[in-house]
Amino acid sequence: MDLELSEEELELRDNVRGVLAAACPPSLVRSVFEGKDTGDALWEQMVGLYWPALALPERVGGLGRTFVDVTIVVEELGRAVAPGPYLATVTQFTPAVSELGSPEQADRFLAPVAAGETTGTLAVAEHGRWEPAAVAAVARPEGSDWVLTGSKSTVLDADTADEVVVVARATDTAGIDGLGAFVVPGDELEAFPRRVIDPTLRICDVVLDDIEVPADRVLAEPGAGGTTQALRRVLDEATVAVAASTIGACRRIFEMTLDYAKEREQFGRPIGSFQAVKHRIADLYSIVERSTALLYFAALTIAEDDPRRREAASLAKAAAGDCQRLVAEDGLQLHGGIGMTWEYDLHLLLKRAKAGEALFGTAASHRAELARSLELVAP
Amino acid sequence: MDLELSEEELELRDNVRGVLAAACPPSLVRSVFEGKDTGDALWEQMVGLYWPALALPERVGGLGRTFVDVTIVVEELGRAVAPGPYLATVTQFTPAVSELGSPEQADRFLAPVAAGETTGTLAVAEHGRWEPAAVAAVARPEGSDWVLTGSKSTVLDADTADEVVVVARATDTAGIDGLGAFVVPGDELEAFPRRVIDPTLRICDVVLDDIEVPADRVLAEPGAGGTTQALRRVLDEATVAVAASTIGACRRIFEMTLDYAKEREQFGRPIGSFQAVKHRIADLYSIVERSTALLYFAALTIAEDDPRRREAASLAKAAAGDCQRLVAEDGLQLHGGIGMTWEYDLHLLLKRAKAGEALFGTAASHRAELARSLELVAP
Amino acid sequence: MRLTFDDTVESFRSTFRAWLGENRPSEEEMTADPAVSSAHLPGWARRWTRRMFDDGWLVPGWPPERGGRDAAPVETLVYLEELERARVPRTTNPQGLGIVAPSIFEFGTEEQVSRYAMPILRGEKSACLGMSEPGAGSDLASLSTRATAEGDGFVVNGQKVWTSGASHADFCFLFCRTDPDAPKHKGISVLLVDMDTPGVTVRPLPHITKPEQTDLNEVFFTDAVVPAANLLGQLNNGWALAGASLAHERGMVWLGTVMELESTFDRLAAEAREILPRLPAFEQAHAADQIVRCYVDVQAAKCLGYRSFAKLARGGSAPEQALMKAFCSESHRRLHLVGSELHGDGGLDVWDARRGEQAWIEQYFNSFGGTISAGTSEIQRNIIAERVLGLPRG
Amino acid sequence: MRLTFDDTVESFRSTFRAWLGENRPSEEEMTADPAVSSAHLPGWARRWTRRMFDDGWLVPGWPPERGGRDAAPVETLVYLEELERARVPRTTNPQGLGIVAPSIFEFGTEEQVSRYAMPILRGEKSACLGMSEPGAGSDLASLSTRATAEGDGFVVNGQKVWTSGASHADFCFLFCRTDPDAPKHKGISVLLVDMDTPGVTVRPLPHITKPEQTDLNEVFFTDAVVPAANLLGQLNNGWALAGASLAHERGMVWLGTVMELESTFDRLAAEAREILPRLPAFEQAHAADQIVRCYVDVQAAKCLGYRSFAKLARGGSAPEQALMKAFCSESHRRLHLVGSELHGDGGLDVWDARRGEQAWIEQYFNSFGGTISAGTSEIQRNIIAERVLGLPRG
């Protein structure tokens with residue numbers, strides 16, 4: 001098992017980091033936070049660099065690289081607190097179409113993604129829960145069409161995405177049975193953006209008010225075999241991607257804290273020369289490194305379609321949760337007052353790190369998942 | 001609310017500490033650990049000083065002081081890792097007789113305790129659980145007598161106590177209904193001492209093999225009103241006493257660690273001058289002080305029969321659990337290799353602190369109790 | 001040890017409670033015109049301070065001429081309990097009343113008392129504390145704001161930062177360097193500087209959760225002229241004065257902190273009772289455990305506070321002060337973290353309209369003010385280790 | 001990044017696995033005559049070491065004349081994986097094989113190699129490390145055991161402590177002070193001291209959980225005469241030698257540690273599956289959460305180890321070494337604490353007959369050996385902060 005980036009992967013990372021340093025400086029992020037910018041220009045730049053096409057098959061115009069590369073990009077986006085539709089389009093919409101739809105549907109919906117013409121997202125969660133059994137939205141047949149009713153919570157970019165994969169279930173089904181998936185044009189949904197702590201993430205609630213979906217937009221008919229299993233695979237990818245975003249932000253917080261500790265002097269010496277500060281920074285380094293190792297392992301299991309992928313995703317997300325908890329707390333504390341000002345960049349990262357914890361399952365819910373897979377508690 | 005010891009209480013504490021320094025030095029404790037001494041002489045000395053009589057009413061020959069004084073003594077016993085029947089006799093047997101029995105029975109069984117002629121204990125736990133509903137041992141009537149069958153776990157001093165209060169339930173009852181309490185002479189029980197980490201605590205398992213109990217030794221007939229409530233009051237006292245023992249041991253570990261950090265030099269300076277060590281010792285001090293404050297509050301609620309006593313007992317035991325976890329770990333770690341030797345006294349205290357965690361409910365089980373009393377989870 | 005106070009203390013409580021019922025500012029007037037900084041005195045606050053002063057309830061332990069009634073410490077304790085219970089702020093300028101005024105009484109001239117301290121007591125003036133600088137946060141001795149003697153006064157140049165309430169304060173209790181050649185601790189003095197002095201400018205510092213509104217400021221001094229009469233105490237004796245000033249703040253600050261912890265916990269538990277039943281078993285137990293741990297912390301803080309008070313009331317020292325500062329502020333922070341996590345993804349929402357106040361996650365970020373200002377948690381641990389436990393300086 | 005190794009590596013694995021199946025010591029002979037200290041060589045261990053040496057499997061990365069086959073690092077990795085999987089110890093004298101022998105190869109004379117290093121490789125001799133002293137634990141530079149040049153040799157006086165395996169070792173790799181007047185780091189040398197030298201006495205140190213049996217010892221030197229030919233490397237160059245010696249131990253030590261973490265976790269999880277169903281819901285969830293946290297730790301340690309190995313294998317440096325030392329030893333400790341707490345009051349029982357080994361609580365106490373010896377966790381954090389992260393020395 002080789003968990004260090006290859007030359008090619010390192011090159012991608014450095015490349016992405018360089019682009020974002022120029023195209024997504026903290027000043028842009030702050031503008032988005034303050035509602036003065038949308039970040040659209042950044043997305044255009046990403047498209048120009050083929051980032052959305054990275055892991056898509058060459059068949060649809062993609063570059064045919066792997067989920068590891070996507071993870072590297074998303075980690076850097078987290079590090080830069082980048083706004084924009086990358087996360088939802090590439091790590092939620094794309095796998096949803098790939099895993100749930102037919103090859104024809106994949107060609108139809110993913111070619112425009114590869115070309116940067118379409119953005120997308122995934123509407124699965126309800127009441128803040130992502131597990132398939134929590135889906136209550138209903139899909140009822142009408143002729144050859146389906147009609148969707150219900151509501152969805154915590155959908156990224158729902159108000160701006162071109163296409164939204166909506167998961168709903170057949171009437172009178174429950175648990176993991178009866179689930180289906182549909183591609184709905186974004187403008188047919190009612191999306192309500194929420195005011196959240198990290199405004200670069202457009203978190204919306206969605207109402208499904210008798211939305212008609214024609215047959216060719218049905219990725220998986222309610223109750224079709226394997227839908228839940230396929231949906232879980234989608235959730236694995238989305239979960240690992242959110243972990244990557246979180247860990248990217250955490251690594252940057254760690255680096256800023258380290259730099260600050262070297263520069264900031266109190267009592268005539270750098271605060272980083274005080275042993276208690278040193279040990280805490282060593283612990284931050286440790287938790288970031290550990291979480292990164294688990295993240296890369298999870299990304300690999302997905303890239304290589306290893307049977308451990310689901311467990312690895314939960315390990316990565318649980319570790320990312322512990323990581324952000326410690327890194328946000330000590331990172332802010334060790335900065336002192338400067339970290340609490342709007343003008344200093346730290347808070348942008350803190351908010352991205354915190355936001356990641358709540359998306360696609362908290363650390364606690366992934367530990368619950370692990371407790372079940374280890375057969376410590378009943379499934 | 002006044003949570004600092006009064007002059008009189010301070011005097012008692014200093015007195016007890018002085019006696020134990022002379023009569024229960026670490027060399028005695030180590031002898032008991034090695035099976036070379038029983039600690040009987042120490043108990044005779046405690047009797048001579050009327051410690052068992054401290055909180056008993058004057059009616060039975062007691063000194064009429066309060067549970068706060070008992071707490072102070074038990075804390076010092078924990079600090080000295082003292083062997084002997086004090087804990088079981090004074091904080092388990094005595095409240096069991098007082099709360100569950102008639103005034104006549106109190107006179108009959110407690111006068112010999114006050115006089116130092118009788119030791120006692122309480123057999124309530126089964127399979128390591130102390131809550132009343134966990135009692136499965138059965139008491140069936142036979143004429144005016146009762147016959148006890150079943151087993152008890154984790155009974156302190158069961159192999160040496162003169163009298164044992166046994167809790168059992170009427171046939172075909174469950175939960176908190178149908179409980180009764182009986183005083184059984186110690187030599188009628190089969191007690192199996194366990195090899196435990198702190199051999200100064202004689203932890204036994206007990207088998208009840210058709211033990212006949214005459215009517216005058218029945219403290220509470222199975223199913224009599226108020227028995228469970230009275231039993232809970234007994235458990236409150238016993239629980240707080242175990243917390244006191246634990247915190248006494250923890251405070252001593254803290255003090256030894258502090259002293260060691262001042263004396264032990266590495267890299268040309270006392271290890272206590274390293275800031276990381278300093279901060280950890282400050283945290284040990286903090287947790288010992290906080291646990292002590294909760295302990296005294298709990299002791300007061302029992303002494304003054306305040307309605308918060310049950311919750312206060314759980315708070316004290318939960319805090320004592322967190323305290324021992326941190327203090328044992330950092331205390332041993334900061335001592336380095338010397339703390340791991342048999343000849344150094346630290347391990348005696350570590351083992352007492354750990355033993356306290358598992359008796360009369362772990363920290364986790366008391367947090368569960370608090371979650372119920374706060375109505376966070378269903379009762 | 002005992003759970004209850006003497007009857008005389010309880011009767012003192014009743015007296016104050018009755019007075020409070022009749023004289024307190026109403027909820028309506030407080031919410032209609034809230035104090036927006038820690039030196040802002042809205043109309044109701046000015047009237048309320050004056051009423052307390054006139055009737056001897058402003059600082060009960062002080063003599064009547066200073067707004068008190070020579071109350072015993074335990075009486076002050078129940079007085080504070082009653083104020084907290086009634087949710088009435090004692091002042092909207094806590095540093096003015098708690099630190100600045102007593103320091104002026106202790107070290108000031110009669111004129112300084114009548115021009116600066118008494119107006120604070122009568123609700124006529126508010127004060128801010130000019131301590132932290134960009135290069136001197138926890139390390140006050142390194143401050144570099146200069147006050148140069150010139151003519152019959154000083155000329156002040158330099159910059160302060162994190163100055164709470166500076167945009168509303170009438171004057172600043174300013175620590176500045178009056179002897180640049182002396183060892184760091186020995187060249188510092190305190191000046192009372194009117195905030196409308198030419199050359200004093202205030203720039204609000206946009207804040208981590210509310211960029212548009214803030215209590216914190218940068219204060220710039222550019223050739224600001226301060227009369228010699230505004231030097232507090234001895235020249236170059238500011239270091240000793242700083243220790244004494246901050247000591248005024250301690251004593252019973254813990255009580256308000258603990259009662260705030262309790263009310264925050266109550267809110268947390270109430271919300272948890274709604275949310276927990278909807279969670280799967282494992283997550284429910286996990287969340288409940290987190291909340292119970294907060295409860296243990298809050299109750300421990302409370303008991304520790306009362307224990308520390310009992311020691312002080314008997315004339316002893318209470319090493320728990322630094323411990324209470326660190327532990328209460330950290331518990332407060334933890335409560336808000338647990339509060340935000342309890343709400344899952346809903347915890348990301350800002351400005352909770354239902355509660356009419358900042359969301360848990362915003363308050364979590366704000367709560368670092370408590371573990372950073374007035375001596376960081378790290379400084380408090382140094383104090384515990386060195387001054388309380390006698391560990392050698394590193 | 002990739003999950004699997006090349007086919008050539010897997011074929012190396014198969015070769016070793018086949019050899020191991022035919023040549024390994026049996027469970028029976030190992031349990032009949034267990035190694036009771038870290039320098040004890042029971043008969044089977046002597047034969048096993050010799051067999052590995054002869055067939056080039058003792059240290060695969062070394063050349064054939066030293067018991068190896070010039071294997072690549074990744075091959076050594078799978079070799080160690082296979083040994084762990086088969087539960088066969090590579091040696092019962094890990095410090096001899098891992099530190100002492102390579103140091104002698106690096107710094108020693110031909111005679112020292114043939115008299116001390118090669119016998120270790122052939123299972124004929126064992127060695128202990130004489131580093132810690134009562135006044136010099138983490139702080140090796142402060143050691144005071146003296147070696148005074150006299151005639152054609154040294155006279156050694158002083159005391160070592162925490163010396164693992166000293167009661168069984170054939171010789172000691174002894175750090176001692178040869179120039180008392182030089183600065184602390186510059187007066188230290190290494191001597192190879194036969195343990196049967198007159199004046200060398202060993203006193204076992206009764207141990208926190210097993211007073212009757214121990215791996216740790218005090219070693220006293222009283223006018224012990226050591227020939228000059230037993231000086232390793234340059235006189236007064238011991239400090240550099242210490243760094244180099246301990247570096248030999250690193251590299252792939254993490255793999256055994258991680259695999260032990262995994263097997264300990266498996267035991268914990270197996271016991272938990274029996275115990276958890278009997279617990280009330282809240283406690284069940286709490287215990288499960290603790291165990292899952294251990295699982296995250298173990299898996300993180302494993303991934304971190306492989307990541308660090310990948311860096312080393314590419315010729316880079318792997319700052320994770322100090323991090324792995326601290327984190328793995330602390331995870332190990334935590335596993336045993338959780339194991340003992342899982343059992344409730346049963347966790348107090350010592351010597352678990354069913355498992356035929358020490359109880360969790362005993363192993364918890366023992367596990368502090370990992371966070372204290374070979375550089376405490378505190379020292380590891382200093383190393384991470386200063387050497388890896390470049391924070392200034394305090």
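As a basis for the values below, the full set of heavy atoms in this structure was taken, side chains included, without hydrogen atoms, waters or symmetry mates. In what follows, every chain begins at residue 1, and chains take the letters A, B, ... in the order their sequences are listed.
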What is the minimum heavy-atom distance between [X] and [Y], and which atoms define it?
X      : Y      : result
B:A293 : C:L304 : CB-N, 3.7 Å
B:D2   : C:A310 : OD1-CB, 3.2 Å
C:L323 : B:S286 : CD2-OG, 3.7 Å
B:L3   : C:C303 : CD1-O, 3.3 Å

Gap between atom [atom2] of [Y] and atom [atom1] of [X] - 0.5 Å precision:
X      : Y      : atom1 : atom2 : answer
C:I275 : B:L376 : CD1   : CG    : 11.5 Å
C:Q299 : B:R290 : CD    : CZ    : 13.5 Å
C:L391 : B:Q275 : CG    : CD    : 11.5 Å

Would you mind reporting whether [Y] and [X] have side-chain heavy atoms less than 4.5 Å apart?
X      : Y      : value
B:M1   : C:T4   : no
B:L294 : C:V296 : yes
B:K278 : C:R381 : no
C:Y295 : B:L315 : yes

If you count the non-hydrogen atoms of other residues, nucleotides and ligands that lie under 6.0 Å from [atom1] in [X], is the total more than 12?
X      : atom1 : answer
B:Y50  : OH    : no
C:E10  : CD    : yes
B:D305 : CG    : yes

Has B:R269 got a side-chain atom pairing as donor or acceptor with C:P392's backbone, closer than 3.5 angstrom?
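Between the backbone of C:P392 and the side chain of B:R269 there is no qualifying donor-acceptor contact (under 3.5 Å).
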
Side chain, backbone, both or neither: which part of [X] has an atom under 4.5 Å from a heavy atom of chain C?
X      : answer
B:E9   : side chain
B:E375 : both
B:R308 : side chain
B:E7   : neither

C:E378, part contacting chain B, at a heavy-atom distance under 4.5 Å
both

With a 4.5 angstrom heavy-atom cut-off, is it the side chain or the backbone of C:L3 that approaches chain B, or both, or neither?
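For C:L3, the contact with chain B is made by backbone and side chain together.
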
Lys NZ or Arg CZ of C:R307 over B:Y296 ring: under 6.0 Å, within 45°
no

Counting heavy-atom pairs closer than 4.5 Å to chain C, which one of [options] comes out on top?
options                : answer
B:D283, B:V377, B:T66  : B:D283
B:V277, B:V68, B:L258  : B:L258
B:L374, B:L370, B:I281 : B:L374

Comparing C:R314, C:R393, C:M1, C:E386 against chain B, the one with the most heavy-atom pairs below 4.5 Å turns out to be C:M1

